[in-house]
Amino acid sequence: MRYALLIGWLWLLPLGAALARLPTSPAPANTLRLQARNDGPWLPYFAYCFDPGAQSLSGGRAAALWAAGRFRSMPPGRVFQAGFTRDRLWLRATVVNMLPQRTRFVWSLYSFVDSAALFVQPDGRGPARFVAGTSGRVVARARGFPARASCLPFWLEAHAQAVVYLAVENHTGATYLPTDLTTTEDFLAYEQAFFFTKNWTWLLGFYLGSALLSLLLFAFLRDRLYLWYGAYILFGTWFLLMEDGLDAWLLPQPVYSLGWQLGQYSLLLLALACQLRVLSRFVRLRQGWPRLHRLSWGLSGLAAAASLAYGLLVHPVSRAGAGALAALNGSREAVLWIMLVGGGLLLLAVVVRGRRPQRRLAASYGLAYACFFGGSLNFMLNRSGVVNIHLVNPNALAWGLALELLLLSALLPARFRQAQRQNADWRVRHLRERAAAGQRLIVAQEDEREALARELHDALAPGLTALHLAWQGRAVRQALTHGPPALTEAHVHSAALLRQLRHDVRALSHALLPTPPGAPLPLPEAVALLAETLSLTDDGPRISCHCDAAAAALPPPVQQAAYRMVAELLHNALRHAQARHVQVAVRRLPTTLLLRVADDGLGFDPQAPPPRRGGLGLRGVQARTGYLRGQVRVRSQPGQGTTVTVELPI
């Protein structure tokens, strides 16, 4: 009998040890049973209430709120949303450690909070004691539990049960709180795979690639549209990084603090302001709709002013009370909705009332804007507590931005090609108009030259000839025989001056009018006649001339321009060079007409200031050659003569 009792006690010892490890009381139905891995959903196990921030922050306050029946069940959905409130949020959960060992658990908050504190009430009895606190104002590595989320760790013994209270302070916007409660190991495994499971690996790369592409396009094109596009991507990406807490991982403390000083919604406002600038330049509001262009600038300025005002006023206003802070946040939300809807209305106005090219551009851009608008609308309604729709990871706005950038990556180069075609068409029209204007100017100049040459040839030249003959007549010679010797000497000088004047008028008329009245002379004969005419003076230089006979087959405008240049250069040499010999050469090359006038005269310094660098003749040749897309080369030195070479494309 003794041995039977002993054997029975030995069998009861393991059973007693197992019973000792079980909870002392059964877990209620709404108790969160914590395993090694916990995937949720968690909201059915949480209760919440709001408490004014002026009340004490303690475990006793949380227990008093529970005892007063202030806590209520969570609304259905994946994420807790309570709309716009500035009160302190209390979350309560009853948890039990289902693991056979003492385990460290983490309550994590995946959106920005100013601060959070965790209180634990073992077995749901006695006072709830403070176990952990965190602040969203510092980067991940500076937090007590270094992670992108705001994490509050606590320990539970094997199979132990407890009531946990979480106090959350959030003064930056609507209460939107993705949260979970799991083991430290499970949380760290989730964080390590976060970039991949939430599609951030390629989304972030796509955003950065689009920003770099905009900078490259601006460097090559110098179009400010691409600067606004890059700024839009920057602010939009920054906003989305803040949404998932990635800024605490990736940004240094000064930049991180600046983002939360401005506020997450302020960055979205700045992104919308830049997007309006892209929209305005893309559909060319300034050219077709100046009033809408000014309106778009006004909306962009309003968004920038609201963002700056929020960053400057948020701390003073928060000290003034919850009502003032609610008014500041509400005004910013109103500006955000105005910007979001205003961009869509601008596009709609251009699509309905714009000119055909603008309507086409607005319709193309509207498709891209619709992606961002849909994502933003879903995001804003979720944040406001109106809906609880979460279709994609990380959120609809991130995908809306990605789709918009994808479409804009195709639209902006297409717009650039269209702008190139329009600029090319404009340049062609401008060149044609300029060529037509230049042709009209040349024709007018030629008509004027011809009229002046005829006046010189038909009026002034005969008068000078008659005067010279009269001055050499019998009456004058008889009068001189009775006069003093000085009068005879004056007569000789006057006759020489008249003879030189007749020669100059004749040479000038030939230079102005290369052909006699009637049929025009070809270029070789016209240049030869000009050289012969200018060689008639007794004290002038000797002019030698060579002109290829093939030059006579050139188009008449080219022959006329070449003759004018040769005449200008010859007169320049006769007036200024004091040369003994001048050589003129006109050569017809396969694609070029070569003109060369060389003298052995005084020469000059081609690098001298303009008043000393030749006369109006050389400047006129350079201007005419430039208009004809030719080249002028001047080789000269003081005392060593001058050679001017002109190349005209045929």
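Two residues are said to be in side-chain contact when any heavy atoms from C-beta on lie closer than 4.5 Å; Phe50 and Arg70 fail this criterion. Between Trp238 and Val255 the shortest side-chain heavy-atom distance falls below 4.5 Å. The side-chain heavy atoms of Leu177 and Leu91, taken from C-beta on, include a pair separated by under 4.5 Å. Between Asn97 and Glu157, every side-chain heavy-atom pair lies at or beyond the 4.5 Å cut-off. By the 4.5 Å heavy-atom criterion applied to side chains, Leu57 and Phe119 are counted as neighbours. No side-chain heavy atom of Leu213 sits under 4.5 Å from any side-chain heavy atom of Tyr229. In this structure, the side chains of Phe372 and Leu340 come closer than 4.5 Å at one or more pairs of heavy atoms. Here the side chains of Leu234 and Tyr207 are not in contact, with every heavy-atom distance at 4.5 Å or above.
Taking all atoms of both residues into account, the shortest heavy-atom contact from Gly366 to Leu347 is CA-CD1, 3.7 Å. Nearest heavy atom pair, residue Tyr310 against residue Leu262, reads CD2-O, 3.0 Å. Closest approach of Thr94 to Gln161, counting heavy atoms only: CG2-NE2, 4.0 Å. Scanning all heavy atoms of the two residues, the minimum distance from Arg332 to Leu269 falls at CG-CD1, 3.8 Å. For Val351 against Ala362, the heavy-atom pair with the smallest separation is CG2-CB, 3.6 Å. Taking each heavy atom of Leu397 and Ser376 in turn, the nearest pair found is CD1-OG, 3.1 Å.
Checked against the 6.0 Å centroid threshold, Phe80 and Tyr48 count as a close aromatic pair. Here the two rings, on Trp399 and Trp202, have centers that are under 6.0 Å apart.
In this structure, Thr184 contributes its side chain and Arg104 its backbone to a donor-acceptor pair below 3.5 Å. Proximity of a side-chain donor or acceptor of Arg224 to a complementary backbone N or O of Phe218 within less than 3.5 Å is not detected. At distances below 3.5 Å, at least one donor-acceptor pair connects side-chain atoms of Asn38 with backbone N or O atoms of Gln35. Trp42 places a side-chain N or O within donor-acceptor distance of the main-chain N or O of Leu181, the cut-off being under 3.5 Å. A donor-acceptor contact shorter than 3.5 Å is absent between the side chain of Ser280 and the backbone of Leu276. The backbone N or O of Val283 sits less than 3.5 Å from a side-chain atom of Gln358, completing a donor-acceptor pair. A donor-acceptor pair under 3.5 Å is absent between the side-chain atoms of Arg286 and the main chain of His293, judged by distance alone. Not one N or O on the side chain of Arg92 forms a donor-acceptor pair closer than 3.5 Å with the backbone of Val163. For the pair Arg33 (side chain) and Met98 (backbone), a donor-acceptor distance under 3.5 Å is absent. Between the side chain of Ser257 and the backbone N or O of Pro254 there is no donor-acceptor pair closer than 3.5 Å.
With hydrogens and angles left out, the side-chain atoms of Asn170 and Tyr176 include no donor and acceptor closer than 3.5 Å.
Atoms OG and CG, on Ser214 and Leu408 in that order, are 11.0 Å from each other to the nearest 0.5 Å. Note that NZ of Lys198 and OH of Tyr110 are 9.0 Å apart. Values are rounded to the nearest 0.5 Å. Put simply, CG on Leu89 and SG on Cys49 are 7.5 Å apart, with the number rounded to the nearest 0.5 Å. To the nearest 0.5 Å, atom OG1 of residue Thr182 and atom CG of residue Asp39 are 7.5 Å apart. Here Phe195 contributes atom CZ and Trp200 contributes atom CH2; the two are 8.0 Å apart, rounded to the nearest 0.5 Å. Interatomic distance, CH2 of Trp337 versus CE of Met380, reported as 5.0 Å (0.5 Å rounding).
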Next on the checklist: If you apply the rule side chain to side chain contact (heavy atoms under 4.5 Å, CB included), what do you find for Phe373 with Glu404, and how did you get there?
Outcome noted: CA-CA 9 Å; Phe373 182 85; Glu404 183 187 29; over 6 Å; no
Item to check | Worked verdict on Gln121 versus Trp66 for side chain to side chain contact (heavy atoms under 4.5 Å, CB included) | outcome: CA-CA 12 Å; Gln121 188 180 29; Trp66 173 255; over 6 Å; no
Next on the checklist: One pair to check against side chain to side chain contact (heavy atoms under 4.5 Å, CB included): Phe206 and Leu406. What are the steps and the verdict?
Outcome noted: CA-CA 9 Å; Phe206 182 69; Leu406 186 63; 4.0 Å; yes
Next on the checklist: Checking Arg353 against Trp289 for the side chain to side chain contact (heavy atoms under 4.5 Å, CB included) test, could you report, in this order, the C-alpha distance in whole Å, the side-chain angles of both residues, the deciding distance, and whether it holds?
Outcome noted: CA-CA 10 Å; Arg353 301 294 300 275; Trp289 290 72; 3.3 Å; yes
Checklist entry - Does the salt bridge (Lys or Arg N to Asp or Glu O under 4.0 Å) test come out yes or no for Asp51 and Arg61, once each step is laid out? => result CA-CA 10 Å; Asp51 193 33; Arg61 178 63 182 172; 2.7 Å; yes
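A tilted orientation is assigned to the rings of Tyr365 and Phe282, their planes being inclined by 30° to 60°. Ring orientation note: the planes of Tyr265 and Phe239 are tilted relative to one another, at an angle of 30° to 60°.
With a 6.0 Å radius and a threshold of 12 heavy atoms from other residues, nucleotides or ligands, Arg37 has its CZ atom at or below the threshold.
Relative to the six-membered ring of Trp297, Arg277 meets both conditions, a distance below 6.0 Å and an angle of at most 45° to the axis.
Under the ring pair (Phe, Tyr, Trp, His ring centres under 6.0 Å) test applied with Phe46, the options Phe71, Tyr165, Trp107 reduce to a single match, Trp107.
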